[in-house]
Amino acid sequence: MENGFGFPIGGVAAFDPRRGGVVSPGGVGYDINCGVRLLRSGLTADALEGRLPGLMDRLAARIPAGLGRGYAGVGLRNVDIRRLLRGGAEWAVEVGLGEPEDLARIEDGGRLAGADPEAVSDRAIERGRDQVGTVGSGNHFIELGCVDAVYDAVAAEGLGLAPGTVTVLIHSGSRGLGHQVCDDFLPTMDRIAEYHGIRLPDPQLACAPLDTAAAQDYLGAMRAAANYAYVNRQVMAQRVREVFAERLGASAALALVYDVAHNIAKFERHRVDGEERELCVHRKGATRAFPPGHPALPGALQGLGQPVLLPGDMGRCSYVLLGTEGAFAETFGSCAHGAGRRLSRRQAKRAAAGRDLDAELAGQGVEVRASSRATVAEELSEAYKDIADVVDVVDRAGIGR
DNA sequence: ATGTAC
């Protein structure tokens with residue numbers, strides 16, 4: 001785990017509403033429903049031979065990236081954003097941004113029930129208005145790749161991930177809208193916690209008992225921001241589909257494998273001390289990892305378990321795991337969400353000074369497009385732990401396989 | 001993570 005303020009990144013906290021349990025914005029994180037989505041094509045890597053640079057340029061032109069970056073021209077700024085916040089990816093598919101089959105392949109069907117757009121401040125809505133379908137900054141990305149190694153042939157076939165298959169991995173969240181929701185509620189929660197006699201060693205542990213109006217308002221706003229993030233990833237996936245169709249033809253159709261939320265709080269049933277309970281499960285930098293047979297999984301994934309998407313850094317592979325009974329028994333059905341930093345951003349920039357990172361990556365067969373050179377330096381491969389080590393640990397711990 | 005805050 002890395003240090004976060006308050007709750008750690010890579011943390012899971014479950015609270016029982018009938019026993020004084022709380023919800024905490026800091027247990028979800030600033031980037032509400034930050035998450036990862038994996039798509040697969042019918043192509044193998046050889047189909048991209050010589051076409052990768054042009055494809056990357058087109059994707060970069062169609063999908064804005066970088067701090068504050070939204071749509072300068074035609075975007076979704078004129079849509080009824082409150083309908084978007086209530087409907088999530090369901091809304092997106094209704095207005096033609098995606099296929100109906102996509103929805104079963106998104107956590108919560110792409111729509112968290114109970115979203116309350118009225119609990120989202122006008123400021124948050126304005127910040128999010130022109131950022132639908134944008135990557136953001138930091139470690140957010142769109143990655144083209146291909147299946148390099150298969151560890152379970154039956155599972156890989158079930159997910160449509162045959163060796164060589166060209167894939168698209170998208171990592172992003174709720175942009176300025178979710179950030180503003182978190183900012184808006186932290187001071188409120190601080191007062192509520194104090195009123196209820198909850199002593200906080202860190203202001204980012206601010207929380208409110210689940211039976212308070214403040215908790216319900218936060219949950220309503222958080223769910224709205226989560227739906228915004230599902231739409232954001234849905235719209236980016238649509239843009240990628242358009243670019244693939246335009247450049248590679250009909251055979252390049254992209255099917256959604258799965259979309260996970262790794263910064264979120266949800267009500268779920270878990271067994272604690274031999275008793276089945278409905279708990280408010282916070283996952284901050286943690287991926288849900290439900291086992292085979294869990295009712296939240298769509299039919300096609302019932303026999304496999306929930307896909308757990310673990311991105312590696314630019315110089316390494318990304319991994320697809322499956323949720324397990326072990327995770328359900330020990331971690332409220334949760335697994336890791338990525339590699340985690342080894343070097344701070346400052347240390348990474350220092351390590352990158354004077355080097356030609358684009359050339360180094362090109363030597364590894366990796367093409368990069370970034371909103372700034374600083375981003376590439378901060379996301380330096382050696383700034384991250386080796387995701388293969390993380391996968392090995394969670395596999396041996398039995399919380400993902 | 002984020003129109004970092006001052």
Side-chain angles (χ1 to χ4, degrees), chain A residues 1-11 24-37 63-72 75 77 81 120-143 169-187 202-206 218 221-222 224-233 236 260-265 282-287 309 311 313-314 336-341 343-346 348-349 370-372 374-380 383-384:
Chain A
M1 289 189 288
E2 291 178 54
N3 291 325
F5 293 98
F7 288 76
I9 297 164
S24 171
V28 170
Y30 269 99
D31 190 2
I32 294 166
N33 191 5
C34 188
V36 186
R37 159 180 296 223
I63 307 172
L67 191 63
R69 212 62 62 85
Y71 276 94
R77 56 173 47 167
I81 198 147
V120 178
S121 67
D122 291 342
R123 193 176 183 197
I125 285 175
E126 286 320 307
R127 283 183 68 174
R129 189 174 292 286
D130 66 352
Q131 292 185 322
V132 182
T134 67
V135 177
S137 63
N139 61 5
H140 286 174
F141 62 78
I142 297 175
E143 175 182 272
L169 197 64
I170 299 173
H171 177 214
S172 187
S174 50
R175 309 287 281 102
L177 185 141
H179 190 277
Q180 189 63 47
V181 166
C182 187
D183 257 349
D184 288 340
F185 277 91
L186 278 172
D202 186 307
Q204 286 209 15
L205 291 169
Y218 171 72
M222 182 212 71
N227 287 340
Y228 179 96
Y230 283 138
V231 173
N232 187 31
R233 293 195 289 275
M236 282 188 279
V260 302
H262 58 219
N263 277 12
I264 203 157
H282 299 59
R283 295 191 180 89
K284 180 189 187 183
T287 305
L309 308 176
D313 64 75
M314 291 187 287
H337 87 305
R341 279 193 170 274
L343 302 179
S344 68
R345 292 184 184 281
R346 179 192 287 270
K349 273 196 255 199
S371 60
S372 75
T375 299
V376 181
E378 288 173 355
E379 298 304 308
L380 191 69
Y384 284 88

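To find a chain, count down the sequence lines: A is the first, B the second, and so on, and within it residues start at 1. In this text the structure is predicted, and so the values were computed from the model without any measurement.
Taking all atoms of both residues into account, the shortest heavy-atom contact from A:Ile32 to A:Ser174 is O-OG, 2.7 Å. Between A:Arg341 and A:Glu378, the closest heavy-atom pair is NH2-O, 2.8 Å. What you find for A:Asp184 and A:Ala124 is that their closest heavy atoms are OD2-CB, 4.4 Å.
Taking the charged nitrogens against the carboxylate oxygens, A:Arg129 and A:Glu126 do have a contact shorter than 4.0 Å, which makes a salt bridge.
Between the P atom of B:dT2 and the CZ atom of A:Arg129 lies a distance of 19 Å, rounded to the nearest Å. Summarising the geometry, the separation between CZ on A:Arg175 and C1' on B:dT4 is reported as 14 Å, rounded to the nearest angstrom. Atoms OH (A:Tyr30) and C1' (B:dA5) sit 12 Å apart, rounded to a whole Å. For A:Asn263 and B:dT2, the CG to P distance is 11 Å, given to the nearest whole Å. Atom-to-atom, NE2 of A:His179 to P of B:dT4 comes out at 9 Å; the value is rounded to the nearest Å. Rounding to whole angstrom units, CD of residue A:Glu378 and C1' of B:dT2 are separated by 13 Å. The CZ-C1' distance, from A:Phe185 to B:dT2, rounds to 18 Å in whole Å. Separating the CG atom of A:Leu67 from the P atom of B:dT2 is a distance of 7 Å, rounded to the nearest angstrom.
Residue A:Gln131 is classed as a sugar-phosphate contact, given heavy-atom separations below 4.0 Å to backbone atoms only. Nucleic acid contact for A:Arg69: none, since no nucleic acid atom lies under 4.0 Å from a heavy atom of the residue. Residue A:Gly138 is in sugar-phosphate contact alone, with no base atom involved, counting any heavy-atom pair closer than 4.0 Å across all strands shown. The residue A:Gly29 sits apart from the nucleic acid: no heavy atom pair falls under 4.0 Å.
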